[in-house]
Number of protein chains: 2
Amino acid sequence: MSSQTVKTIPKRKTREEILELSAPLFARHGYDGVSMRDVAAAVGLTQAALYYHFSNKDQLYLDAVAYEFREKEAALKAMLAGNGTPWERLERFVAGLARMMATDKDFLRLVQWVLLDTDEARQSTLAKQVFRDMFVAVHDLACELDPHQDAHLLAMSIFGLVIFHFQTGATRKFMPGHRPHQDDPEVLARHVCELLRRGLAAADGEAR
Amino acid sequence: MSSQTVKTIPKRKTREEILELSAPLFARHGYDGVSMRDVAAAVGLTQAALYYHFSNKDQLYLDAVAYEFREKEAALKAMLAGNGTPWERLERFVAGLARMMATDKDFLRLVQWVLLDTDEARQSTLAKQVFRDMFVAVHDLACELDPHQDAHLLAMSIFGLVIFHFQTGATRKFMPGHRPHQDDPEVLARHVCELLRRGLAAADGEAR
DNA sequence: GTCTATATAAGGATAGAC
DNA sequence: GTCTATCCTTATATAGAC
């Protein structure tokens, strides 16, 4: 029945599929490490078809990264929403961020690529788009936690404490004192929160 | 007079020059972002000449990174040597690392590229070669600072607190609360040491 | 040691049929 | 929307002269 072309249903499906399948490629190999041929092969199309959906490789990359980041936006915001004391919210955020970094390696790697990007325009676009909201929220939280500190530095330190552990994930296992349970995001979150709360002062009265 | 060929004098000069000039290129654009043509142009040779000194691009890259890392090794070790209380040594190290990261952007970027490398062999080689000695020293220092904590996690946190600030250097200026003096390595070092010493407990008796 | 010239492959991108 | 076919550029690497 119905010889009429049923073209209203699968509309725009391909474009999203391209973004979804190319994002992991860019995450693993970076912009220069992925060719249009690679993307086409992953999606199951020819190169030429990609140019129907995106004007060029740069645009495809930019959209793929933005797509991946948009996917994470809701989750990231949820971590910082809600109520409770500043410390409770900090603990919730640190635990959530750690869990996300442990779970979605591609997202972490895309962040790293963006940080290494030398294209000013591309970097500022993506930075503002992804990092800014996130940073603002943590920045405000930092203000509440300790009004006397530099909130900018403190917010960055909070991110760094969590993210750096996962950035070094692959090389950490060659370092002394490594034990598997340190890869557990909950263990890391506890470590970070404890450090933020009291520093090293918790220990016995070691020299100053 | 000696008609014998006097080949002992200018030996190996070109090879080192290639390494010295290509390392900044790889630092800025990564392995895939630099072609043999680029390197040749930077050194003032033709592509073909590069293959006299290195068997292929991979080897050139590996040697260039190792060369750059070896250059930094002495400076890094000096930071951790010497005597004093653990806290004094920590402060000296944090300040030195911050200054190095602020000064030598190329070195920082090479570290980031290595962390993103998906080639297991290449990564483990470089990681052990550069990071390990460094990490061991900080790890031992962490043990002295607080024997009750996980020294592995603590050492990584110390690195992360310093390095992450510089990794985000280019994007930090788009974030709220940014002021130029935060880029000063001394300011950062003080912030990090203060955080490590007392955490946020320094503030007034905020909740918990 | 470095050059010129070239082989061979891979890359981004477009034209035009269907 | 997707294909085939193709163009042009850039890339790694080698051969052989000097």
Side-chain angles (χ1 to χ4, degrees), chain A residues 3-65 67 113 117-119 121-122, chain B residues 3-65 67 113 117-119 121-122:
Chain A
S3 65
Q4 40 177 334
T5 52
V6 195
K7 55 167 62 166
T8 29
I9 298 161
K11 211 49 174 169
R12 288 287 152 198
K13 195 182 137 281
T14 308
R15 188 191 155 89
E16 281 211 18
E17 207 168 5
I18 295 171
L19 294 176
E20 199 153 326
L21 292 170
S22 63
L25 289 180
F26 286 122
R28 271 190 264 280
H29 307 110
Y31 179 86
D32 289 319
V34 176
S35 69
M36 293 299 269
R37 283 172 166 82
D38 294 332
V39 175
V43 184
L45 290 174
T46 58
Q47 256 192 94
L50 298 177
Y51 287 89
Y52 173 81
H53 298 280
F54 305 93
S55 55
N56 53 40
K57 184 186 173 182
D58 228 81
Q59 194 59 54
L60 167 56
Y61 170 75
L62 215 56
D63 288 357
V65 176
Y67 177 84
W113 286 115
D117 202 336
T118 45
D119 182 317
R122 209 158 52 187
Chain B
S3 65
Q4 39 178 333
T5 52
V6 194
K7 54 170 63 167
T8 27
I9 299 160
K11 211 54 176 163
R12 289 289 152 197
K13 194 184 139 280
T14 307
R15 188 191 154 89
E16 282 211 17
E17 207 168 6
I18 294 170
L19 295 175
E20 199 153 325
L21 292 169
S22 63
L25 289 180
F26 286 123
R28 272 190 262 283
H29 307 111
Y31 179 86
D32 290 319
V34 175
S35 68
M36 294 300 266
R37 281 173 166 82
D38 295 331
V39 175
V43 184
L45 291 175
T46 57
Q47 262 192 89
L50 298 176
Y51 286 89
Y52 173 81
H53 298 280
F54 305 93
S55 56
N56 53 39
K57 182 185 173 183
D58 228 80
Q59 196 58 54
L60 167 55
Y61 170 76
L62 214 58
D63 288 356
V65 176
Y67 177 84
W113 287 114
D117 202 335
T118 45
D119 183 319
R122 211 158 49 187

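Below, chain A is the first sequence line, B the second, and so on; all start at residue 1. Just so it is clear, the model here is predicted, and its values are computed rather than measured.
- Met36(A) has its side chain within reach of Leu60(A): a pair of non-hydrogen atoms, C-beta onward, lies under 4.5 Å apart.
- Regarding Glu17(B), its CD atom lies at a distance of 14 Å from the C1' atom of dT2(C), rounded to whole Å.
- Within the 4.5 Å cutoff, side-chain heavy atoms of Asp63(A) are placed close to those of Arg15(A).
- Note on Thr14(A): every side-chain N or O is 4.0 Å or more away from OP1 and OP2 of dG1(D).
- Distance Tyr51(A) OH to dA5(D) C1': 16 Å, rounded to the nearest Å.
- Checking each of Asp58(B), Asp119(B), Asp117(B) against Tyr31(B) for a side-chain hydrogen bond (donor to acceptor under 3.5 Å, both in side chains) leaves exactly one that passes, namely Asp58(B).
- Backbone-only contact: Val34(B) has heavy atoms under 4.0 Å from sugar-phosphate atoms and none from a base.
- With dT2(C), dA13(D), dT4(C) as the choices, the nucleotide that has an atom nearest any side-chain atom of Ala48(B) turns out to be dT4(C).
- Relative to the side chain of Met36(A), the nucleotides dT2(C), dT2(D), dG12(C) differ in distance, and dG12(C) lies closest.
- Between Tyr52(A) and dT2(D), a side-chain N or O to OP1/OP2 separation shorter than 4.0 Å is absent.
- Within the 4.0 angstrom heavy-atom criterion, base atoms lie near Thr46(A).
- Within the 4.5 Å cutoff, side-chain heavy atoms of Phe54(B) are placed close to those of Leu19(B).
- The side chain of Asn56(A) lies closest to dA13(C), out of dG11(C), dA13(C), dA13(D).
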